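Below is one structure, written out as structure tokens; the observations come after it.
Small disclaimer: the values here were computed from a predicted structure and weren't measured.
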Amino acid sequence: MPKLRLQSLFYSGVLLLITSIPSAAQFQPLLIFNAPPTPVNGNGYDTTFEIMADDFSFPQNVTLQKVSFWTTDQNNLSGWDGTLKYYIFSDANGKPSSVPLYQANVFNVSVKDTGKKVLQTFTENEFSFTFPTPVKLKGNTKYWLGIHLNNSYVLKNIFWETTDQAFGIPSYSAFQGNLNNWLLNYNNSNLAFKINAIPTNERVVLKRQSASSSQGFLVFSTK
């Protein structure tokens, strides 16, 4: 079996793990982005009434495998209908673009009560999901992860928890899912999430997705 070479470093205040591998499919996903929940300026931003998004980047090409993020609420998630939609956006002058590169409803969502209380009364839960289709992204490029809980845009007070990790740009929100109107979140806080991925030397092809089903392609070379 070929040897795996692993290197760790800090990138924009976030711990990254880098691997050099001859065949990505032979190995388990690695934690390559980690901004743990350490709430600042309150407990978070509601992700039922709006789409919440925060930026991330890696030093090399990857295929995303799994995302975890943390929420807080006061009703044991009774306001969540069990649906979750994720988005991956390119960067458009410091905020998410209006057209997702990837988007999908996710049905393999794991939710775990961490046992932690935020601001004494808010229960913290860790949401995790694997991407239903491969998400291949180019290294040294800024992207945005967007999350929306529920099948509608009705306020249910489930908050995507914040972090005191200073990385990239503060989080943005799309009011009631309007991707043409991204607004910087008040208090300028980042969101807590982590990403597991497999570093790859493959050619990266990004397909834009839109409501009209029209498709264009952004093609990047790893060379």
From CA spacing to verdict: side chain to side chain contact (heavy atoms under 4.5 Å, CB included), Val62, Ile32: CA-CA 9 Å; Val62 296; Ile32 61 173; 3.5 Å; yes

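- Within the 3.5 Å criterion, the main-chain N or O of Leu155 finds no donor-acceptor partner in the side chain of Asn150.
- Atom NZ of Lys142 sits in a crowded spot, with more than 12 heavy atoms from other residues, nucleotides or ligands closer than 6.0 Å.
- For Thr121 and Gln74, the side-chain atoms include at least one donor-acceptor pair closer than 3.5 Å.
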Yes or no on ring pair (Phe, Tyr, Trp, His ring centres under 6.0 Å) for Phe33 and Phe193, after CA distance, side-chain angles and deciding distance? CA-CA 8 Å; Phe33 185 94; Phe193 63 102; 4.9 Å; yes

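- Both Val67 and Ile88 sit in one connected hydrophobic cluster of ILVMFWY residues. Membership requires side-chain heavy atoms under 4.5 Å apart, directly or through other members.
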Could you go step by step and tell me if Gln176 and Glu50 meet the side chain to side chain contact (heavy atoms under 4.5 Å, CB included) rule? CA-CA 5 Å; Gln176 293 199 315; Glu50 301 174 286; 5.8 Å; no

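- Taking the six-membered ring for Trp and the full ring otherwise, the centers of Phe131 and Tyr86 sit less than 6.0 Å from each other.
- Contacts of Asn125 classified as side-chain contact (heavy atoms from CB on, under 4.5 Å), with partners at least two apart in sequence or in another chain: Thr71, Asp73, Leu77, Val111, Asp113, Thr123, Phe127.
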Apply side chain to side chain contact (heavy atoms under 4.5 Å, CB included) to residues Glu124 and Lys117 and explain how you reach the verdict. CA-CA 6 Å; Glu124 181 183 81; Lys117 291 293 184 181; over 6 Å; no

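- No side-chain N or O of Asn61 forms a donor-acceptor pair with one of Thr200 less than 3.5 Å apart.
- Between the side chain of Ser110 and the main chain of Ser128, no donor-acceptor pair closer than 3.5 Å is present.
- A side-chain donor-acceptor contact under 3.5 Å links Asp46 and Thr48.
- Looking at Asp91, its side chain does come within 3.5 Å of a backbone N or O of Gly94 through a donor-acceptor pair.
- Under the 4.5 Å side-chain contact rule for hydrophobic residues, Leu84 and Leu101 share a cluster.
- With 3.5 Å as the limit, one finds no donor-acceptor pair spanning the side chains of Asp54 and Ser171.
- With hydrogens and angles ignored, the 3.5 Å screen pairs no side-chain donor or acceptor of Tyr102 with any backbone N or O of Thr133.
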Audit row: Phe175, Trp182, side chain to side chain contact (heavy atoms under 4.5 Å, CB included) steps and yes/no: CA-CA 7 Å; Phe175 179 71; Trp182 288 102; over 6 Å; no

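- Formation of a donor-acceptor pair under 3.5 Å by the Asn188 side chain with backbone atoms of Pro170 is not found in this model.
- There is no side-chain donor-acceptor pair under 3.5 Å between Asn190 and Thr163.
- Placement of Tyr45 and Leu145 within a single hydrophobic cluster is found when ILVMFWY residues are connected by side-chain heavy-atom separations under 4.5 Å, directly or transitively.
- Below 30°, between 30° and 60°, or above 60°: for Tyr153 and His148 the angle between ring planes is below 30°, a parallel geometry.
- Below 30°, between 30° and 60°, or above 60°: for Tyr87 and Phe89 the angle between ring planes is below 30°, a parallel geometry.
- Taking the six-membered ring for Trp and the full ring otherwise, the centers of Tyr172 and Trp144 sit less than 6.0 Å from each other.
- Exactly one of Trp160, Phe56, Phe159 qualifies for a ring-ring contact (aromatic ring centres under 6.0 Å, His included) with Phe69. That residue is Trp160.
- The hydrophobic clustering, which links ILVMFWY residues whose side-chain heavy atoms are closer than 4.5 Å, places Leu179 and Tyr143 apart.
- Between Phe129 and Phe107, a ring centre-to-centre spacing not shorter than 6.0 Å is recorded.
- Asn151 places no side-chain N or O within donor-acceptor distance of the main-chain N or O of Thr83, the cut-off being under 3.5 Å.
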